[in-house]
6 protein chains.
Amino acid sequence: MPLAPLPAILIEPIVREALLEDLGRAGDLTTDAIVPLELKTKTVMAAREEGVVAGLDLAALAFRLIDPTIRFQPMIEDGAAVAPGARVAIVEGRARGVLTAERVALNFVGRMSGVASATAKLTAAVSHTKARIVCTRKTTPLLRAIEKYAVRAGGGSNHRFGLDDAVLIKDNHVAVAGSVAEAIRRARAHVGHLVKIEVEVDTLAELEETLGVGVDAVLLDDLKRGVAMIGHRAISEASGRVTSETARGIAETGVDLISVGWLTHSAPTLDLGLDAA
Amino acid sequence: MPLAPLPAILIEPIVREALLEDLGRAGDLTTDAIVPLELKTKTVMAAREEGVVAGLDLAALAFRLIDPTIRFQPMIEDGAAVAPGARVAIVEGRARGVLTAERVALNFVGRMSGVASATAKLTAAVSHTKARIVCTRKTTPLLRAIEKYAVRAGGGSNHRFGLDDAVLIKDNHVAVAGSVAEAIRRARAHVGHLVKIEVEVDTLAELEETLGVGVDAVLLDDLKRGVAMIGHRAISEASGRVTSETARGIAETGVDLISVGWLTHSAPTLDLGLDAA
Amino acid sequence: MPLAPLPAILIEPIVREALLEDLGRAGDLTTDAIVPLELKTKTVMAAREEGVVAGLDLAALAFRLIDPTIRFQPMIEDGAAVAPGARVAIVEGRARGVLTAERVALNFVGRMSGVASATAKLTAAVSHTKARIVCTRKTTPLLRAIEKYAVRAGGGSNHRFGLDDAVLIKDNHVAVAGSVAEAIRRARAHVGHLVKIEVEVDTLAELEETLGVGVDAVLLDDLKRGVAMIGHRAISEASGRVTSETARGIAETGVDLISVGWLTHSAPTLDLGLDAA
Amino acid sequence: MPLAPLPAILIEPIVREALLEDLGRAGDLTTDAIVPLELKTKTVMAAREEGVVAGLDLAALAFRLIDPTIRFQPMIEDGAAVAPGARVAIVEGRARGVLTAERVALNFVGRMSGVASATAKLTAAVSHTKARIVCTRKTTPLLRAIEKYAVRAGGGSNHRFGLDDAVLIKDNHVAVAGSVAEAIRRARAHVGHLVKIEVEVDTLAELEETLGVGVDAVLLDDLKRGVAMIGHRAISEASGRVTSETARGIAETGVDLISVGWLTHSAPTLDLGLDAA
Amino acid sequence: MPLAPLPAILIEPIVREALLEDLGRAGDLTTDAIVPLELKTKTVMAAREEGVVAGLDLAALAFRLIDPTIRFQPMIEDGAAVAPGARVAIVEGRARGVLTAERVALNFVGRMSGVASATAKLTAAVSHTKARIVCTRKTTPLLRAIEKYAVRAGGGSNHRFGLDDAVLIKDNHVAVAGSVAEAIRRARAHVGHLVKIEVEVDTLAELEETLGVGVDAVLLDDLKRGVAMIGHRAISEASGRVTSETARGIAETGVDLISVGWLTHSAPTLDLGLDAA
Amino acid sequence: MPLAPLPAILIEPIVREALLEDLGRAGDLTTDAIVPLELKTKTVMAAREEGVVAGLDLAALAFRLIDPTIRFQPMIEDGAAVAPGARVAIVEGRARGVLTAERVALNFVGRMSGVASATAKLTAAVSHTKARIVCTRKTTPLLRAIEKYAVRAGGGSNHRFGLDDAVLIKDNHVAVAGSVAEAIRRARAHVGHLVKIEVEVDTLAELEETLGVGVDAVLLDDLKRGVAMIGHRAISEASGRVTSETARGIAETGVDLISVGWLTHSAPTLDLGLDAA
């Protein structure tokens with residue numbers, strides 16, 4: 001299956017809000033003052049550096065919400081790798097709308113492509129192993145759904161989408177419960193049958209206790225020995241400040257997942273621009 | 001005047017939305033399962049690396065919106081420089097609320113402190129000149145107001161907040177109008193008396209034409225000769241991919257402003273965490 | 001752990017919207033016309049029939065949003081069984097606010113207690129087995145979170161909260177994929193590591209194929225033989241128009257879960273009223 | 001005049017919210033994983049039991065908001081009686097959208113048809129009299145407008161839509177005012193000339209006092225003697241836990257209206273489903 | 001009964017939106033730049049001309065939403081007549097919040113007091129008759145509830161609040177129905193028992209037909225003869241561009257209601273200001 | 001450049017909200033009862049008095065949001081002067097939608113045309129001078145953007161849109177700062193380079209101090225001597241209760257701007273109506 005697009009009903013409120021944020025109370029003063037109402041233009045959205053593109057549906061929506069007659073024609077699909085100068089989309093229609101929506105469209109594509117590009121680099125670094133790159137809940141406030149999508153566009157996979165779709169037992173929870181086993185027991189009693197449970201373990205003793213009780217996934221500290229001890233009894237996850245350089249070594253331990261917070265909170269945007277066609 | 005706080009009425013909808021994004025439909029499964037309702041906790045928000053902090057009001061609000069009885073006591077103010085390990089705030093109250101709001105609070109402070117820290121570094125690099133570091137409209141969608149605030153917290157200044165609070169004439173506008181002078185004339189006829197006009201000029205001829213007509217600010221390409229030609233007739237601005245290394249040289253040309261898009265779209269977050277007190 | 005309350009930030013928008021729906025543009029004409037502004041009252045919210053109560057936080061919020069000085073004092077907790085006449089809460093304060101918010105408060109508690117009571121009856125019918133009663137996505141539009149909570153208050157457990165927190169492969173999906181095994185394979189490749197997969201199987205052959213590939217849960221048609229075949233390899237679920245009479249027999253097959261759509265879409269409300277104290 | 005449809009501008013926010021509630025942050029995982037993007041399908045929405053259908057516009061909107069290219073073709077109109085197996089609508093288009101919107105569409109039509117069907121049964125039971133079946137304010141929070149519409153679709157009529165469109169004086173109001181007459185006097189002085197006044201009376205003495213002052217409608221306790229006493233001086237209303245069995249007798253007293261709370265708060269949904277065409 | 005205040009839950013969204021409209025993305029630049037954070041102030045809201053005041057709750061809310069520690073102490077109540085210079089309220093607290101909220105608070109009180117003052121003038125002009133001054137649906141978009149309240153504060157009464165709380169049959173409706181009688185018949189068949197019906201009649205023949213069928217109110221063209229013909233059979237209403245001068249004559253015809261569109265769409269604001277205390 | 005239209009994305013929420021305000025929970029009872037669903041109509045929106053029209057896009061949107069098949073064909077453009085009886089637009093389509101949206105459409109056009117007409121009158125009165133008529137922040141709450149647009153349609157210009165797009169130093173700010181010069185200094189240090197600064201001065205001494213420091217604009221009390229003293233050093237503004245009669249004299253002092261609060265808060269609406277075509 002190719003990458004599934006985000007439902008329009010989910011992204012429209014975000015794009016609409018972003019446009020209103022930029023238009024303020026008076027709209028695009030510069031363009032309204034200078035550009036005739038019916039003047040047409042044809043422009044190309046192009047990459048200025050190498051990377052993986054994501055967010056074209058949001059760009060299309062930004063132009064359409066400003067002027068439904070503007071035609072946004074993608075040249076590639078989300079998830080495609082681009083070289084510097086690559087044409088990403090053709091934008092054609094009334095110049096006013098194109099100029100007014102340009103910045104918001106680029107802000108979305110730049111950020112989402114930045115996340116996708118960073119993910120793709122890490123994914124490539126571990127492609128000779130079974131390890132998958134996953135994102136975390138360290139996302140930009142209000143943009144979680146589109147950043148998680150961008151991670152998928154870059155070939156990565158998603159960890160929890162929120163506090164409510166899986167259990168992740170951390171050290172504070174263990175401390176409150178008294179033991180890992182008791183924490184897991186409470187979680188299992190509390191949640192529905194379709195909710196998975198993952199535990200963060202700090203020591204091999206804790207890991208042993210965890211595996212004894214049984215969980216779906218384990219977030220490991222001592223990676224090497226942890227992975228070996230787990231075997232097929234749970235999904236293993238490594239985390240921390242992973243880079244393209246360190247990812248390879250981590251993946252080669254045999255770990256199933258490498259979670260990377262900076263993919264969503266600190267990946268630099270991909271540079272793109274709009275040029276005359 | 002110290003840094004003015006953002007009005008609560010402006011930031012509350014953002015923090016509320018971010019919490020709802022994280023809580024989903026079922027809330028914090030893990031904490032609800034494991035942590036007793038009335039258990040109290042005391043934790044410290046601490047910096048894990050050097051930087052400048054911003055966003056403490058948003059963190060306070062995140063905890064308060066989850067549980068109004070939680071006490072968030074800042075140890076420093078937005079704009080303060082911190083060393084690794086520095087205590088940023090004390091968070092005290094029911095453990096459930098503290099754990100549930102923790103990630104959202106940190107996501108805000110991390111991102112805003114990241115922007116402030118990057119701004120502070122550039123500001124320091126040009127502090128021996130009159131140049132000010134300013135941000136652009138290349139902000140994270142939906143977060144413009146708080147990112148612009150973070151730039152101020154880092155000692156920077158703000159460019160336009162949107163398309164509606166100033167005129168910025170770029171090359172496309174000039175192309176449509178036929179000449180810089182005509183573009184400026186149209187803008188002046190269109191806008192109110194409290195709206196400033198800035199022009200992006202590519203050549204010295206264009207600059208001369210611009211200064212002849214008169215504008216408030218000029219975004220320059222050929223910086224050295226441009227700054228000299230302008231003198232006191234307008235505010236001068238430089239832009240582009242400015243780093244701590246290149247900022248100094250740019251500032252020493254005598255330019256008034258250095259605008260930096262990556263401050264808001266690509267500054268890495270500042271690492272902070274919540275530790276047991 | 002006792003029943004975890006719903007976060008106030010989740011329920012407030014619902015209660016607020018319900019009050020606005022009832023107040024319309026002109027507010028409570030009758031009460032405003034007749035009841036003096038400062039007249040105080042003390043009333044008792046009481047059950048008029050046997051059942052299990054849920055939704056007291058929403059009732060409290062309804063009164064508080066209309067008049068923050070009204071004191072809503074619960075006599076019991078959500079999940080408690082009540083006899084006819086049982087006092088559920090004391091409501092004390094300005095009579096205007098009490099009368100204005102009364103209907104909305106009762107509408108919430110009545111509906112949620114109706115769901116909880118129906119769940120409790122089914123739960124009691126299967127209490128000698130390991131079977132758990134679970135609800136479905138056949139909930140009242142806009143009220144899913146509070147109806148799922150009411151199911152928990154009645155001693156039941158929750159199935160999926162939406163289309164996004166677990167995979168449930170039904171016959172149409174199997175038809176499209178060509179086989180159960182292929183459908184499961186596609187699902188596994190698509191979703192993150194914390195997403196569980198459940199399959200609806202119509203025949204024992206399909207069940208065998210499903211167990212061969214491995215899934216987290218199975219929704220069964222031929223219950224008896226299905227449960228036996230599954231053993232400990234997956235969670236087993238029965239569904240259909242289950243009543244207190246039929247639930248016992250279904251549970252005694254050894255099935256893990258009995259899902260019941262009518263708990264949320266057709267359970268009659270529990271009758272409660274507000275009486276002078 | 002046939003049943004007037006609800007304005008699209010009123011129902012769209014409700015349907016949109018219901019879809020977002022089901023899609024969560026990640027959308028329809030199962031369908032996105034398994035069903036190819038362009039696969040087309042043709043399905044039939046069919047009744048599984050006897051009843052009266054309502055809510056087809058909301059179903060149509062659910063599909064359209066997910067995918068505007070889906071064609072929803074109603075076979076009957078709201079208010080039509082159906083037998084088990086009756087075809088209600090054809091749904092045709094991309095399979096993804098059809099599967100994703102199916103549950104929400106059915107949740108709306110099921111609930112609204114449930115209300116309409118219950119109303120139709122009571123209406124039929126009193127059709128040999130002048131009595132009309134009316135609903136109350138005991139509606140599902142946030143769904144009042146569509147439930148009141150469903151009552152009309154079932155042949156019933158609507159009582160107040162909220163606290164602001166008519167005066168209904170109950171015993172608490174009378175107690176505060178000191179007498180029925182004083183309560184009515186205060187109400188009349190307070191409200192505009194287009195607001196009707198109804199009074200709930202417990203005794204014949206109170207009824208006499210009420211008729212002496214004059215009101216638009218009276219909610220009666222002692223039905224038989226009350227109706228006779230009123231004559232043409234006001235509209236008479238009976239209420240309480242009315243069933244198909246008891247409605248006939250009540251109607252034959254000559255009362256004008258029989259109000260029934262459970263129509264909106266406890267009518268079971270009508271069972272409908274989507275089948276391959 | 002004194003004037004009933006508007007429920008806070010109804011006015012808060014309006015005041016909040018008005019403040020956000022004024023604060024924009026950056027808040028009160030002037031005050032933030034100049035006024036120290038903790039500086040206190042004490043000011044008086046005073047009338048600058050004669051009139052009737054309304055909207056003090058909205059002013060109080062404007063200050064409270066900006067800074068909950070500001071104390072807004074009304075000196076009079078809504079509906080009170082004021083002379084030029086009269087003190088309306090004391091506003092005390094941090095100067096920043098007072099200055100920031102001042103304009104929005106005054107905009108509300110000015111507009112609502114303008115409506116109340118105009119209403120009071122007309123009401124006084126007809127006080128020797130039984131005629132009441134009523135407003136129409138020609139209100140300022142988004143402000144209907146508060147303008148209708150202001151009319152009540154000025155001693156007037158309210159016509160319909162919207163298209164849904166009463167029937168008003170105009171000439172176009174009559175034209176479509178074929179006759180007044182048929183229009184009334186259709187309306188009666190369509191609406192619930194608590195909905196009143198008013199008809200606009202152009203000729204005495206139409207009036208006779210209307211009274212024959214029976215309605216609740218009649219909007220008259222030929223006032224004198226119309227009022228006489230109606231007697232006690234319906235409420236009579238006059239409309240048109242009524243002024244203080246013409247109102248007296250109209251009222252003396254014995255008409256029950258005089259509806260005045262300009263009260264809400266064209267009444268000039270009452271001049272008020274904030275002065276140092 | 002002709003008047004730039006307001007972006008649809010800005011006005012749609014306002015028009016939508018206004019329609020919902022009028023429809024309430026039950027929609028247009030009268031029209032639904034009387035007018036057949038498919039009956040077509042053709043009507044003309046016509047001016048009933050002389051003035052300048054504004055707001056046609058909002059009227060068009062009102063009809064379209066109620067029924068997308070209605071065709072609204074403007075006969076003139078916003079900003080055009082009309083005589084009594086002038087045809088403003090043709091409205092054609094299903095009669096139900098036309099009747100239901102009529103009032104809201106007229107409320108918008110009436111109010112906005114009222115503002116435009118008043119502005120045009122003042123503008124004409126000063127057309128022999130360089131003075132421009134500008135509006136203030138004394139706008140109707142929630143309608144600032146469309147009222148400011150209406151001022152432009154009438155030939156006027158806009159002052160600040162809010163507290164955040166320019167600095168306006170008033171006497172209270174000066175009092176806090178200690179001197180005009182200090183207030184200006186603080187403002188300049190606080191705001192970005194694209195924010196203009198205006199000062200309200202009460203005395204010529206203050207004006208001198210202001211001009212010494214340098215600002216963008218000055219709001220004057222002693223107009224004649226002030227304008228002379230300013231020369232070309234700043235934009236000069238007069239304010240106060242300006243009428244068509246007094247505007248001429250004020251303008252002839254040579255002042256640049258005349259700001260008029262009542263344009264937006266007290267201009268009477270322009271009378272328009274919908275007639276059969």
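A, B, ... follow the sequence lines: proteins, then strands. Residue 1 opens every chain. Atoms considered below: every heavy atom in the structure, side chains included; atoms not considered: hydrogens, waters and symmetry mates.
The residue among Arg160(E), His193(E), Arg132(E), Lys148(E) with the most heavy atom pairs within less than 4.5 Å of chain D is His193(E). For the set Asn158(E), Asp165(E), Leu257(E), the entry with the most heavy-atom pairs within less than 4.5 Å of chain D is Leu257(E). Heavy-atom pairs under 4.5 Å with chain E were tallied for Asp164(D), Leu168(D), Val195(D); the largest tally goes to Val195(D). Your options are Val134(E), Leu194(E), Val167(E), and the one with the most heavy-atom pairs under 4.5 Å with chain D is Leu194(E).
In this structure, the separation between CE on Met112(E) and CG on Asp78(E) is 6.5 Å, given to the nearest 0.5 Å.
A side-chain contact (heavy atoms from CB on, under 4.5 Å) with Ile146(D) is found for one member of Val15(D), Thr140(D), Ile14(D), Leu10(D) and no other, namely Ile14(D).
Within a 6.0 Å radius of CD in Glu17(D), no more than 12 heavy atoms belonging to other residues, nucleotides or ligands are found.
With hydrogens and angles ignored, the 3.5 Å screen pairs a side-chain donor or acceptor of Asp216(D) with a backbone N or O of Ile197(D).
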